[in-house]
Structures are given as C-alpha cells and as structure tokens.
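The model shown is predicted, which means the values in this text are computed figures rather than measured ones.
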Amino acid sequence: MLFAVILFDGCNNKTEIGIKQIPKPAFEKKISLFPDSVAVDVAVGIYGWKLANDQIIILSVQDRDHFLYAFSVPDFKLLYKYGQYGQGPDEFIAVNWLNTTKENQLGLYDIPRWNMYLYNLESDTLYRYETFKFSQWEGSLCKPYTFIQQLNDFVFLLKADMKEYTEIEVVDINSGTVLQTFRNLITREPNTIYTTYYFGMAASEKNLVLAYKYMNRLELFEYDTAMTPRLIIGSDRDQHDRKQWEDYVTYYTQVLCDDKYIYGLYQGGRKENEIRNSYIEIYTFDGAPVLQIELDRYIYSIQPDRKRNCIYGYSPDNSFDFAYIYPFDFPDAGK
C-alpha cells in the first residue's frame with residue numbers, strides 16, 4: 001500500500017486515520033427538475049455512454065450484432081453502429097467500457113485479449129489510435145480489471161477487484177510503467193465479496209472521486225506526481241451483515257466531475273425496487289454542497305450537456321426506449 005495504515009474499529013469497519021472525514025452535509029439549495037422524453041431510434045441497453053459534441057455513444061453489451069451505437073443529440077437518431085464480437089483481429093471477445101476525460105476520445109478494453117483500446121470520435125465512425133497491452137499477472141492470467149479511468153493523455157487508473165481488497169494502478173500507457181498502486185480507504189470485512197464495497201470512479205486531470213453504490217460515501221483524491229487522499233464525505237457504514245441481496249439499499253449509481261464540481265447520482269439509500277425518484281448532488285472539491293437536484297423518476301445514469309443546457313437521463317424502468325432530457329442551467333454557466 002501507498003500509505004502507512006493506522007487502523008481503528010468504527011461501525012465494524014477500518015479506515016485510515018489522518019484523512020479528513022466530514023459527515024454528509026445538508027444542501028441548503030434544492031431544486032426539482034422534470035424532463036422531456038424522446039423515443040430512441042434503436043432501443044439498446046446502457047453499459048456505458050459518453051457525450052461528444054453532437055453525438056452520444058452507447059455501449060450495449062447485450063446486443064450481438066454490434067455493441068456501440070452512436071446517436072445524434074438531442075433527438076437520439078441513430079448515426080452509426082460499431083464493434084463486433086469474435087476472434088478476428090478487430091473483434092472483441094469481451095468488451096468493457098473505459099472512462100475517458102478527453103471529449104473526442106473513447107476507450108474500450110478486452111480482458112481475454114489483454115488489451116485496452118483508445119479511439120478518436122468522428123462524425124460517422126471511430127478510429128483506433130492506441131492499443132495498450134496489460135501486464136501478465138498470475139501465470140497466463142490478466143488482472144481482473146473492473147473499471148478503467150483516464151486522467152490525462154498518458155496516465156490511466158486501472159481498478160482491480162481482488163479477492164480480499166481492491167487496488168488501483170496508476171499507469172503511464174506510453175511506457176507501460178505502473179507509477180503507483182494504491183487502495184481505496186475502506187478495508188473489507190473478511191469473507192465479503194467485493195460487490196458490497198463496489199464504487200464508481202470519475203476524474204479530471206488533477207482530481208479523482210470514488211462513489212460507493214452500497215455505502216453513503218464519497219472519497220476524494222488529488223493527483224500531482226502521485227495519487228493522494230484528501231477528503232471523505234459520508235459514512236464508514238457498510239452492508240456486509242445483510243443476509244439477502246434484496247435487502248441492500250442503494251446510494252450512488254454514478255459519479256461525474258469536471259474541473260470545478262462533483263456530480264453524484266444519489267438514490268437515497270433505498271432498496272432498488274423502492275426507488276421512485278433520484279437526486280443529483282453537486283459538490284465542490286472541498287466537499288462544500290452546492291446544489292441538490294431532485295429528479296422526477298428513477299434515473300440510473302446521466303450525461304450532462306453544457307452546450308444545450310440539459311442533462312440526459314437513463315431509467316432502467318423503461319430500458320432505453322426513451323431518453324429523458326432535463327433542462328438545467330449549470331452552476332458556472334456563462335463564466
């Protein structure tokens with residue numbers, strides 16, 4: 001581990017002392033938003049998506065014809081399809097989404113092939129411009145990477161959920177060098193599967209945010225030459241003692257960030273079948289609450305569109321037959 005760990009017992013969990021931790025703050029400023037709905041040209045499932053200029057790219061792993069679909073925005077008309085499964089040189093055995101910070105780039109990775117791919121987005125197709133080969137782990141295996149996040153042109157964060165812990169490698173893809181390996185700030189209870197402690201990631205060039213799906217918790221890191229923890233917002237309480245998966249309550253299903261703000265998609269600490277509406281929480285990187293947005297329905301994933309002053313939402317209740325478009329003036333609009 002990167003840090004010397006001093007442990008304490010709190011809520012049956014262990015976390016590091018020395019990192020500033022604050023309770024989840026109350027939001028003084030709150031608004032409610034109601035959407036327009038747009039029928040999607042081709043109904044697809046969302047495993048990952050990204051807005052780039054005038055198109056939105058969706059990874060739909062359920063479809064065996066193609067797995068990437070590009071739609072125009074805001075009308076969600078199909079522009080093109082891309083990517084096929086198979087054993088050929090340009091085909092995928094298993095496709096996974098990669099979070100890129102560059103607007104006109106898209107990333108995918110394929111664990112069975114040990115490869116990560118970066119693409120430039122054009123108006124009618126994708127162009128692969130970089131392939132990165134994962135390092136060998138145990139024997140002929142690749143590490144179980146469950147999430148990859150870009151920081152800048154050359155530095156990427158590779159999250160691996162191991163049996164007893166989760167680690168994140170900071171990798172320079174130019175040289176293939178692992179610059180640093182660090183862990184999130186929660187230690188799992190023994191014999192507990194990683195899903196209980198699952199977190200999503202979002203980053204700008206200097207900041208990283210982790211948001212936990214089954215804990216009311218955000219972790220903030222900053223990056224200079226190494227990743228350094230800065231702040232914990234929320235609780236250490238986990239749900240490892242719940243006997244049935246149906247009893248788990250959901251907190252954050254997504255987190256996004258830009259250079260100024262963190263956007264956490266919050267589900268209110270409710271069981272999934274009880275979620276009727278969702279919230280977007282906006283924070284500064286100092287943990288200050290800026291705005292809480294109440295949405296009118298269960299929204300599992302969002303894509304902010306600053307150019308058109310709106311937020312696109314995906315509701316699992318309706319698959320992706322419809323896109324929900326919430327009008328919104330962003331906090332720094334016009335600056």
Side chains of Tyr127 and Tyr119: closer than 4.5 Å at any heavy-atom pair?
-> no
Donor on one side chain, acceptor on other, Glu272 and Thr250, under 3.5 Å = no
Tell me, please, which residues at least two apart from Ser301 pass side-chain contact (heavy atoms from CB on, under 4.5 Å).
-> Trp49, Gln254, Tyr314
Between Val44 and Ser60, which heavy-atom pair has the shortest distance, and what is it?
-> CB-OG, 3.6 Å
If you measure only the distance, is there a donor-acceptor pair under 3.5 Å linking the side chains of Asp296 and Tyr326?
-> yes
Residue Lys133 excluded, over 12 heavy atoms near NZ under 6.0 Å = yes
Are the side chain of Asn216 and the backbone of Gly234 linked by a donor-acceptor contact shorter than 3.5 Å?
-> no
So which heavy atom on Pro25 is nearest to which on Ile233, and how close?
-> CD-CG2, 3.9 Å
Donor-acceptor pair, Gln239 side chain versus Thr196 backbone, under 3.5 Å?
-> no
Residue of the set Leu210, Leu220, Leu185 for which side chain to side chain contact (heavy atoms under 4.5 Å, CB included) holds with Ile232 = Leu185
Take Tyr82 and Ile57 through the side chain to side chain contact (heavy atoms under 4.5 Å, CB included) test and state the conclusion after the steps.
-> CA-CA 10 Å; Tyr82 184 93; Ile57 314 296; over 6 Å; no
Mind checking side-chain contact (heavy atoms from CB on, under 4.5 Å) for Leu79 and listing every partner two or more places apart, or none if nothing turns up?
-> Gln55, Ala70, Ser72
Would you say the side-chain atoms of Gln150 and Thr101 include a donor-acceptor pair closer than 3.5 Å?
-> yes
Show your reasoning for whether salt bridge (charged side-chain N to carboxylate O under 4.0 Å, His left out) applies to Asp65 and Lys81.
-> CA-CA 9 Å; Asp65 177 18; Lys81 303 176 185 179; 3.7 Å; yes
Derivation and outcome, side chain to side chain contact (heavy atoms under 4.5 Å, CB included), residues Phe156 and Leu98 = CA-CA 10 Å; Phe156 287 73; Leu98 187 158; 3.8 Å; yes
Quick one: are Ile168 and Asn184 in side-chain contact, heavy atoms under 4.5 Å?
-> no
What distance separates Met116 CE from Glu130 CD, expressed to the nearest 0.5 Å?
-> 7.5 Å
Closest approach of Leu118 to Gly107 (non-hydrogen atoms, all atoms of both residues) = CD2-CA, 4.1 Å
In Å and rounded to the nearest 0.5 Å, what is the CG to OG1 distance from Asn174 to Thr177?
-> 9.5 Å
Pairs under 3.5 angstrom only: tabulate donor-acceptor contacts from the side chains of residues 279-290 to other protein residues two or more places apart or in another chain.
from   : atom 1 : to     : atom 2 : distance (Å)
Tyr279 : OH     : Asn277 : ND2    : 3.4
Glu281 : OE1    : Lys24  : NZ     : 3.4
Glu281 : OE1    : Tyr252 : OH     : 2.6
Glu281 : OE1    : Tyr283 : OH     : 3.1
Glu281 : OE2    : Lys24  : NZ     : 2.8
Thr284 : OG1    : Asp286 : N      : 3.3
Thr284 : OG1    : Ala288 : N      : 3.2
Asp286 : OD1    : Arg230 : NH2    : 3.3

Option passing ring-ring contact (aromatic ring centres under 6.0 Å, His included) with Phe76 (candidates Tyr312, Phe322, Tyr324) | Tyr312
Criterion side chain to side chain contact (heavy atoms under 4.5 Å, CB included) on Arg183 and Met162, from CA distance to verdict | CA-CA 11 Å; Arg183 297 183 187 176; Met162 318 295 274; over 6 Å; no
Quick check: does any side chain N or O of Arg113 sit under 3.5 Å from a backbone N or O of Gln87, one acting as donor and the other as acceptor?
-> yes
Mutual orientation of the aromatic rings belonging to Tyr263 and Tyr261 [parallel < 30°, tilted 30-60°, perpendicular > 60°] = perpendicular
Evaluate whether atom CD of Glu28 has more than 12 neighbouring non-hydrogen atoms of other residues, nucleotides or ligands under 6.0 angstrom away.
-> no
State, yes or no, whether a side-chain contact exists between Phe328 and Ile31 at a heavy-atom distance under 4.5 Å.
-> yes
Which heavy-atom pair separates Ser204 from Asp259 by the least distance, and what is that distance?
-> CB-OD1, 3.6 Å
Spell out, yes or no, whether Phe134 and Leu141 are grouped together once hydrophobic residues are joined by side-chain heavy atoms under 4.5 Å, including indirect joins.
-> no
Please answer whether the main-chain N or O of Ile311 pairs with a side-chain N or O of Gln303 as donor and acceptor at a distance below 3.5 Å.
-> no
Residue pairs passing the side-chain hydrogen bond (donor to acceptor under 3.5 Å, both in side chains) test with at least one member in residues 164-173, sequence neighbours excluded, are Lys143-Glu167, Lys143-Glu169, Tyr145-Glu169, Asp161-Thr166, Thr166-Arg188
Hey, what's the ring geometry for Phe221 with Phe182, parallel, tilted or perpendicular (30° and 60° as the breaks)?
-> tilted
Is there a side-chain contact between Val255 and Met201, using heavy atoms and a 4.5 Å cut-off?
-> no
If you draw a 6.0 Å radius around CG in Asn191, do more than 12 non-hydrogen atoms from other residues or ligands fall strictly inside?
-> no
Per the ring-ring contact (aromatic ring centres under 6.0 Å, His included) rule, which among Tyr212, Phe147, Tyr194 passes with Phe199?
-> Tyr212
Does Gly200 offer a backbone N or O that forms a donor-acceptor pair with the side chain of Lys159 under 3.5 Å?
-> no
Would you check, one step at a time, whether the test side chain to side chain contact (heavy atoms under 4.5 Å, CB included) holds for Lys307 with Leu51?
-> CA-CA 11 Å; Lys307 182 178 177 180; Leu51 177 69; over 6 Å; no
Judged by atom type as modelled, is there a donor-acceptor pair below 3.5 Å linking the side chain of Asn96 to the main-chain atoms of Asp110?
-> no
If you group Ile, Leu, Val, Met, Phe, Trp and Tyr by side-chain heavy-atom gaps below 4.5 Å, do Leu126 and Tyr47 land in one group?
-> yes
Does a donor on one side chain sit under 3.5 Å from an acceptor on the other, for Gln149 and Asn99?
-> yes
Looking at residues at least two apart in the chain, or sitting in another chain, which of them share a salt bridge (Lys or Arg N to Asp or Glu O under 4.0 Å) with Asp247?
-> Lys271
Hydrophobic cluster membership, Leu265 vs Ile293, 4.5 Å side-chain cutoff = yes
Compare every heavy atom of Gly176 with every heavy atom of Phe132, then report the nearest pair and how far apart it is.
-> CE1-CA, 3.8 Å
Residue pair Leu218 / Ala211: nearest heavy atoms and the distance that separates them = CD2-CB, 3.5 Å
Sidechain-backbone polar pair: Gln180 side chain, Met227 backbone, donor-acceptor under 3.5 Å | yes
Note, Glu219 side chain near Val209 side chain (heavy atom, < 4.5 Å) = no
Short side-chain to backbone donor-acceptor contact, Tyr300 and Asp317, under 3.5 Å | no
Same cluster (ILVMFWY, side-chain, under 4.5 Å), Val73 and Leu78 = yes
Mind checking what makes ring pair (Phe, Tyr, Trp, His ring centres under 6.0 Å) contact with Tyr248, not counting sequence neighbours?
-> Tyr214, Trp245
Is Leu108 reachable from Val171 through a run of hydrophobic residues whose side-chain heavy atoms are each under 4.5 Å from the next?
-> no
Looking only at atom types and distance, does a side-chain atom of Ser315 sit under 3.5 Å from a main-chain N or O of Tyr298, one as donor and one as acceptor?
-> yes
